[in-house]
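Written out below as structure tokens is the structure these notes cover.
This is a predicted model, so every value here is computed, not measured. In what follows, every chain begins at residue 1, and chains take the letters A, B, ... in the order their sequences are listed.
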Protein chains: 2
Amino acid sequence: MNSSTIKHVAEHAGFSIATVSRAMNAPHMVSPATLAKIHAAIEALSFQPNYLAQQLRAGRTQLLGVLLPTLANPVFAECVQGIEEAAAQAGYRLLLMTSRYDPESEAHAAQTLTNQRVDGLILTVADATQSPLLDRLEADGIPYVLTYNQSMKRPSVSVDNRAAAADAVRLLTAQGHRRILMLTGTLSASDRARQRYQGYCDALRQAGLKALPAHEIDFNAQGLPARTLSALCDSPHRPSAIFCGNDLLAMVAMRSLREAAMAVPAQMSIVGFDGLPVGELLAPSLATVCQPNYEIGARAWQELASRMGGAPASRAKQRPGVILPHRIRPGDSIGAPSS
Amino acid sequence: MNSSTIKHVAEHAGFSIATVSRAMNAPHMVSPATLAKIHAAIEALSFQPNYLAQQLRAGRTQLLGVLLPTLANPVFAECVQGIEEAAAQAGYRLLLMTSRYDPESEAHAAQTLTNQRVDGLILTVADATQSPLLDRLEADGIPYVLTYNQSMKRPSVSVDNRAAAADAVRLLTAQGHRRILMLTGTLSASDRARQRYQGYCDALRQAGLKALPAHEIDFNAQGLPARTLSALCDSPHRPSAIFCGNDLLAMVAMRSLREAAMAVPAQMSIVGFDGLPVGELLAPSLATVCQPNYEIGARAWQELASRMGGAPASRAKQRPGVILPHRIRPGDSIGAPSS
DNA sequence: TTGAAAGCGCTAACAT
DNA sequence: ATGTTAGCGCTTTCAA
């Protein structure tokens, strides 16, 4: 470790550490001659300031905590990229942790992050409606912004999940589908999933159709569970179309159906949610509703920055939930019902 | 900010700060009664230790610098997930920065990371063969491990790019293809791309065929450039198969070809490199060679840990480059040549 | 223009 | 078993 300190520089240059510090942070308060000597010393010792010390002294770190379920889902990876680029431009660095959709990990990670004294937090939690974690952040006065969690009460950046889901499902009803099933991860574990289910219900009701109970399955599955597959293929009341709570699920469903020799869209129409770029490359291409992941990240940074700016209960707090527009992406995974 | 310090706790509990510190770090040196009171005080003040102070004092941070080109490529996102989970288990946190394949950003980011006094660094650089950045890390004695950059001289974790590329291309020659083109990003900007081109040459030579110059294109392209497309479709000497330097490129190529009404694999066979899971969902499914991204990340952590362990020039240093096995993933994007 | 010194929050000698 | 104190590297009054 090449750890030369400001003290070494001071000795080498023949000045006090205070002057060295000034030479770096307020060069105009130092005589040109001195400045030159100090710069030379810095160069000679290849001195690099210790951010830890600066941060401890300053009481702020320029560190940003980012807490997301997983980077294995491109939705979040893209979002992080958006955060990173926006934050980097402002001189902020990212401390990244993942929770694997586990509330306990969420709490633990957030603790770690705040102990590191991050200046703020951008996070996606399983359920924002009742989160002791978020309550504590608020109580502690630690600025944070949620991503993907849509909330009226808390600072957040997301699409309108309910409306977006309804839009997606309308793609199906418009084609004449009357029996539409929603496939999703565990509802109780995700506020977004519930909101999307509501959108599903909205669209069906609007079309005068009956909403079915959400069909919940294990998210990590590599393929659809047998139970699900048989509900889709064998049941006498099998649906003619499915709305998937996210694209990963939709893609898994497409594969499983293909393996089960069910033609998409001929025998089963599918619409997803997320807008993963790769869905367009599939054959058939996946119809879905796109979330602007990169922008969600970038905007979350903006929101956070305004909350860290010092203006506590100002304009920024008037409307905590930011809704970004979603976009329908048509695709060949949707067709008319076969019957 | 709820920043109660160890001092507040000490006052509240009626002991010295040293005792409070011991209560947390060496409870067996504190009497049970005292311990209880201190715990009560900690609870009452909801005290959380300031990692910055601990780190400054200890001279180590349990912080890990991670520097990658972009999270928009799932290859890297998955790798980070592997790093994160392995490191988290050992109590390490990730400081993440992205360089967008820009050497200047790489250097700048690495500087920032070391100024934060990360205990070690995991990174993927544009070119590891001649990197002032890596030389400086070495000179400064900062432990680091490369991912994806395959090197004999430097600590690294990767597949055998050359051998893997040759395996991929052999999928093509085995089908009887005689005119095979390699599509890649800028060779001069990527050591891996050059290694893969060598593998391409190996396989062709071995098959008694002539290696063509690599066809370099802009990585960010949303579709193949016109020049490329015409070389693939219109040229009298058009290839019957292409080897793409990575899966993203292969998928873009598949789409562009489809739009140009070229059938894959009937008129053009394609093999990729990376093994993105989504390639399997395409139609036709993408033949490719899989890199174990998650494992690369996890193993990189292992390597780094052994290098941070204090054993400097020990066994760990004997063989700096770790090669993980790649795996051929067959797919329907390959067929026999049409002619 | 420069220096001396306090202090950010914490741990680890060194005392008692 | 507990307290006192020095010091990690830095910035910032306050003096000179």
Side-chain angles (χ1 to χ4, degrees), chain A residues 1-39 41-42 45-63 111-112 114-119 140, chain B residues 1-42 45-63 91 111-112 114-119 140:
Chain A
M1 320 291 172
N2 156 38
S3 270
S4 50
T5 75
I6 199 177
K7 203 168 170 183
H8 300 138
V9 175
E11 285 165 5
H12 188 103
F15 291 93
S16 75
I17 62 170
T19 302
V20 175
S21 178
R22 282 188 207 104
M24 313 191 69
N25 304 309
H28 58 278
M29 311 196 101
V30 175
S31 87
T34 310
L35 207 55
K37 287 182 199 160
I38 290 181
H39 280 150
I42 288 176
L45 303 177
S46 65
F47 164 79
Q48 292 302 140
N50 185 328
Y51 286 177
L52 292 173
Q54 293 183 328
Q55 290 161 350
L56 179 58
R57 175 116 224 303
R60 40 195 286 290
T61 55
Q62 309 259 89
L63 248 34
Q111 188 65 258
T112 300
T114 56
N115 285 0
Q116 187 70 48
R117 298 303 189 258
V118 294
D119 288 342
D140 292 356
Chain B
M1 319 292 172
N2 156 39
S3 271
S4 50
T5 75
I6 198 177
K7 204 169 169 182
H8 299 140
V9 176
E11 284 165 5
H12 188 104
F15 292 92
S16 75
I17 60 171
T19 302
V20 175
S21 178
R22 281 187 208 105
M24 313 191 71
N25 305 310
H28 57 278
M29 310 197 103
V30 174
S31 89
T34 311
L35 207 55
K37 286 182 199 161
I38 290 182
H39 280 148
I42 288 176
L45 303 177
S46 63
F47 163 79
Q48 292 303 139
N50 185 328
Y51 286 176
L52 292 173
Q54 293 183 327
Q55 291 161 349
L56 179 59
R57 177 105 222 308
R60 40 195 286 290
T61 54
Q62 310 259 88
L63 248 32
Q111 188 64 257
T112 301
T114 56
N115 285 1
Q116 186 71 46
R117 297 304 190 258
V118 295
D119 288 342
D140 292 356

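- Across every non-hydrogen atom of A13(B) and A41(B), the tightest pair is CB-CB, 3.8 Å.
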Just distance, no hydrogens or angles: give the donor-acceptor pairs under 3.5 Å from side chains in residues 49-59 of chain B, sequence neighbours left out.
from   : atom 1 : to      : atom 2 : distance (Å)
N50(B) : OD1    : L52(B)  : N      : 2.8
N50(B) : OD1    : A53(B)  : N      : 3.4
Y51(B) : OH     : N115(A) : ND2    : 3.4
Q55(B) : OE1    : Q116(A) : NE2    : 2.9
Q55(B) : NE2    : Q116(A) : OE1    : 2.8
Q55(B) : NE2    : T61(B)  : O      : 3.0

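- Taking the side-chain hydrogen bond (donor to acceptor under 3.5 Å, both in side chains) definition, one finds that Q111(A) meets it with Q48(B), sequence neighbours left out.
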Just list the side-chain donor-acceptor pairs under 3.5 Å for residues 27-34 of chain B, sequence neighbours left out, or say none.
from   : atom 1 : to     : atom 2 : distance (Å)
S31(B) : OG     : T34(B) : N      : 3.2
S31(B) : OG     : T34(B) : OG1    : 2.7

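- Among all heavy-atom pairs drawn from I38(B) and F15(B), the shortest one is CG1-CD1, 4.2 Å.
- Interatomic distance, H8(A) NE2 to I17(A) CD1, rounded to the nearest 0.5 Å: 11.5 Å.
- Taken from CG in L45(A) to NE2 in H12(A), the straight-line distance is 5.0 Å, to the nearest 0.5 Å.
- For the side chain to side chain contact (heavy atoms under 4.5 Å, CB included) test, residues two or more places apart in sequence or in another chain that qualify with A18(A) are S16(A), R22(A).
- Between the two ends of the helix from dT1(C)-dA16(D) to dT16(C)-dA1(D), each summarised by a five-pair axis, the helix axis turns through 50° (rounded to 10 degrees).
- Taking every heavy atom of both residues into account, H39(A) and A23(A) meet most closely at NE2-O, 4.4 Å.
- The outermost nucleotides of DNA chain C lying under 4.0 Å from heavy atoms of chain B, listed 5' to 3', are dG9(C) to dA13(C).
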For every nucleotide of nucleotides 8-16 of chain D, 5' to 3': is a protein heavy atom under 4.0 Å from its base (B), only from its sugar-phosphate (S), or from neither (-)?
BBBBBB---
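- Residues forming a side chain to side chain contact (heavy atoms under 4.5 Å, CB included) with S21(A) (at least two apart in sequence, or on another chain): I6(A), N25(A).
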